[in-house]
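Predicted model, so just to flag it, every value in this text is computed and none were measured. Quick note: residue numbers are just sequence positions, from 1.
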Amino acid sequence: MAVLAVLATLAPVAVPAAHADPDGSDLGRPRWVGGWTAAPLGAGSSTDTEQHQGFDDQTVRNVVHLQAGGDTVRIELSNAHGEQAIHLGAVTVAVHTGGGELDEATLREVTFGGHRDAVIGEGALLVSDPVDLEVDPGTDLAVSIHLSDPTGPVTWHQNAEATSYLADSDRTGETSGDGFAEISSWFFLSEVSVLSAQSRGTVVAFGDSITEGYRSTTDANLRYPDLLNERLRSGSPGLVHSVVNEGIGGNRLLTNSFGTVRDHLSAQSRFVRDVVARPNVERVIATFGTNDLASYGGNADGEPATVDDLVRGMQNLIAQAHAHDIEIMVGTIPPFGGSSIHNDRTEQVRQDYNTWVRISGEPDAVADFDQALRDPDDPERMRAAYDSGDHVHPGDQGYQAMADAIELRWVQGRGSQPAPVEDHLILGSLEMAQPMTGGTAQPVRLPVTNRASTPVTLTVRLDLPDGWQAEPVSLELDPGQDGVAELLVTPPQEPATATLTAAVDAGSVVVLGRPTAEVATVPTAERAVWALDFGGSDTPVLEGYRGISPEDVAEDQPVRWLDGTIDWRDRGNTDDLRRDFVLSDQPGTLRLTIPAGTHRVYLLTGDSSYAGGRLVVREGDSVVADTEDKLTAGEFRWLEFDLDGGDTGREVDLTFSVSGAGTWRVNALAVLDGEVGPDRTER
């Protein structure tokens, strides 16, 4: 009898089929649904933070707000980003009553395969045995985890917008809050599922910090998924779905995000882990794009994200959802006018992507968060009442407006008003050699996808600065066809930087995208006495150029650093000329030999990701070049000056320094052979 009793406690709890019947005929049948979730993050690269140092003989008391009720719970612990196995001394769950305190009558020990202690392998998940505990929707549940041995860097969720607790030693069995200190993140806990007879299934809110609820009131549970749950419970009699939150601050649709505080996977990479793997998932609300537009490096090539990039990324999520029999609602990108990430380029891509979401018919449903949040008098900005203050994240009222914008009928599986489908073209990124060779005709390509129901004839032209030349081209595409418009572009002879912008005329068909490309032209190495590409000792070097790194200091080298603490960076984009560079906040001197005669020198400075300080270049006591102001992120500039080698040639010392605050940057330097002055008169 004792053996049978033990076996009974370890037997799995029976659950029904994955999807509930929409007519409510399964009323009263329990199923596992998501009660609460948080997407796992890595500790990041900063070694002096709590999450990187980890825990040792300490108890983390995670407090979470449940969105489903039932009589049994189960927890999931994640070591997805850990660097070693994690030993759990003990784990308990209980209803949280305030501060670090628990309801003693609800305290339950959590077991794993019948054992009190357990190990989570490196990169692994651990799911508990079912725990008998009756909870209601809206219950605050405390999950206390004793980390008995040093953990090393932890898996966590940074922006909880909720208070949890930390204490020394094993406090999992204590209901008092004595000895617990407040913390503002969740650690190791990634899911609480509930065996519920009150819920049809799970809906996952999948997104970035706006989905996460960043800057909502702490401990008030006013994130938009929380408020959507309140709408469901108050407005839908009988069974309702639970909505769980899988938002991550800084998350991108297209690329993984890494930083000193956190690191995490892109939406495309984590969809199966954070959406499909949740219990009885029927629908997902996916809202991405703000972080892809926020900085350079937004797409897989390390260049600014275009509407085509975002569309293809979201089509990937739609395909993943449908492959797992999950319906997907796509949210438009909310307005962010007035913020540091807002400019003409990001606004154009945001508007075009939002148009695609509304008219393409590819999502199963649309949540028009842009329309819900924007100021009708200034639609590029959020309404003041909805703005948390940073012009990107809504405040509590804004999150309520987002929750109100979601169609409850679709969430409950009762269909949706279909979006109107309109004919449209989607423009890809401009493709060309980077850098381009001055004075030489080279192809610039523009991929185009025809999403119209009829053939479309279009004309493509490039908006070019003075000194550049290109003729328009025409292209005819059948319905659904992908094509490429190729234009021959001739840059000016001398080194330059420019913005190329594509414009397409397709008659009455909607055109989504106005691709731009930041281009640098460069002289060939054959024209130069010196053609230098600065960076690290193992970073890419432009063809024919000589790589110069901070390690080049030996006296027998023809080009070398004399002094200064020089560093280097590699931004990882595809442009070998501009992707890597040297920099410092202190003066640095480069020595090179100039042959006889006066030569024109071109020096490239800039950074695709960050603003740079004002660069000043001196030869001896004379200033030979000066940017005269700071460069913005993504801005590159060629500086021009002459150097005289005299009658026999001589060594020249060029000193780079920054005027004011910041750092100077040098990407490339070309000393042209026998060319001087603005008219390039040959000697």
With a 4.5 Å cut-off on side-chain heavy atoms, are [Y] and [X] touching?
| X | Y | answer |
| --- | --- | --- |
| Val110 | Phe112 | yes |
| Pro394 | Ile210 | yes |
| Val194 | Thr72 | no |
| Val240 | Gln412 | yes |
| Leu293 | Ile341 | no |
| Asn159 | Ser185 | no |
| Leu147 | Asp56 | no |
| Leu166 | Phe187 | no |

Please check: side-chain N/O of [X] versus main-chain N/O of [Y], any donor-acceptor pairing under 3.5 Å?
| X | Y | answer |
| --- | --- | --- |
| Ser269 | Leu265 | no |
| Glu104 | Ala94 | no |
| Asn79 | Leu125 | no |
| Asp396 | Thr217 | yes |
| Trp156 | Pro40 | no |
| Thr37 | Val244 | no |
| Asn229 | Val243 | yes |
| Thr92 | Thr172 | yes |
| Ser199 | Gly201 | yes |
| Ser190 | Ala39 | no |

Are [X] and [Y] close enough for a salt bridge, meaning some N to O gap below 4.0 Å?
| X | Y | answer |
| --- | --- | --- |
| Arg312 | Asp308 | yes |
| Arg278 | Glu191 | yes |
| Asp208 | Arg270 | no |
| Asp370 | Arg358 | yes |
| Glu212 | Arg223 | no |

Can you find a side-chain donor-acceptor pair between [X] and [Y] that sits under 3.5 Å?
| X | Y | result |
| --- | --- | --- |
| Asp48 | Ser46 | yes |
| His96 | Glu101 | no |
| Arg252 | Ser266 | no |
| Asp129 | Thr111 | yes |
| His146 | Arg171 | no |
| Glu161 | Ser216 | no |
| Asn280 | Thr202 | no |
| Asp136 | Gln198 | no |
| Asn316 | Gln320 | yes |
| Trp410 | Glu327 | yes |
| Thr97 | Asp103 | no |
| Asn251 | His264 | yes |

* **Check: His391 ring centre within less than 6.0 Å of Phe336 ring centre** =>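 His391 vs Phe336: aromatic centres not under 6.0 Å.
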* With a 6.0 Å cut-off on ring centres, are Phe288 and Phe206 close enough? -> yes
* Determine, step by step, whether Ser148 and His87 satisfy the side chain to side chain donor-acceptor pair (under 3.5 Å) criterion, reporting the C-alpha distance in whole Å, the side-chain angles of both residues, the deciding distance to 0.1 Å, and the verdict. => CA-CA 6 Å; Ser148 53; His87 184 225; 2.7 Å; yes
* **Check against side-chain contact (heavy atoms from CB on, under 4.5 Å), Met314 and Val330** => CA-CA 8 Å; Met314 188 53 68; Val330 176; 3.8 Å; yes
* **Atom pair OG1/CD1 of Thr151 and Ile145 - distance to nearest 0.5 Å** => 11.0 Å
* **OG1-CG distance between Thr155 and Leu189, expressed to the nearest 0.5 angstrom** => 12.0 Å
Minimal non-hydrogen separation, [X] against [Y], with atom names:
| X | Y | value |
| --- | --- | --- |
| Ala68 | Ser242 | CB-CB, 3.9 Å |
| Thr163 | Val63 | O-CB, 3.6 Å |
| Asp309 | Leu254 | O-CD2, 3.3 Å |
| Gly289 | Ile333 | CA-CD1, 3.7 Å |
| Glu50 | Ile183 | OE2-CG2, 4.4 Å |
| Glu174 | Arg61 | O-NH2, 2.7 Å |

* Classify the ring geometry between Trp186 and His157 as parallel (under 30°), tilted (30 to 60°) or perpendicular (over 60°). => tilted
* **Glu134 atom CD, neighbour heavy-atom count above 12 within 6.0 Å** =>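 No, the 6.0 Å shell around CD holds no more than 12 heavy atoms from other groups.
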* With respect to Asn221, which candidate in His65, Glu230, Gln67 satisfies the side-chain hydrogen bond (donor to acceptor under 3.5 Å, both in side chains) definition? -> His65
* To do: Could you walk me through whether His393 and Asp387 pass the side chain to side chain donor-acceptor pair (under 3.5 Å) test, one step at a time?
  => CA-CA 6 Å; His393 300 91; Asp387 193 341; over 6 Å; no
* Could you walk me through whether Asp140 and Val64 pass side-chain contact (heavy atoms from CB on, under 4.5 Å), step by step? => CA-CA 5 Å; Asp140 285 340; Val64 301; over 6 Å; no
* To do: Kindly indicate, with the supporting measurements, whether the criterion side-chain contact (heavy atoms from CB on, under 4.5 Å) is fulfilled by Ile285 and Val204.
  => CA-CA 6 Å; Ile285 306 168; Val204 178; over 6 Å; no
* To do: Using the side chain to side chain donor-acceptor pair (under 3.5 Å) rule, take Thr332 and Asp368 through it: C-alpha gap first, then chi angles, then the decisive distance, then the call.
  => CA-CA 5 Å; Thr332 53; Asp368 203 337; 3.0 Å; yes
* Asked: Could you walk me through whether Leu195 and Arg31 pass the side-chain contact (heavy atoms from CB on, under 4.5 Å) check?
  -> CA-CA 5 Å; Leu195 189 62; Arg31 62 187 54 78; 5.5 Å; no
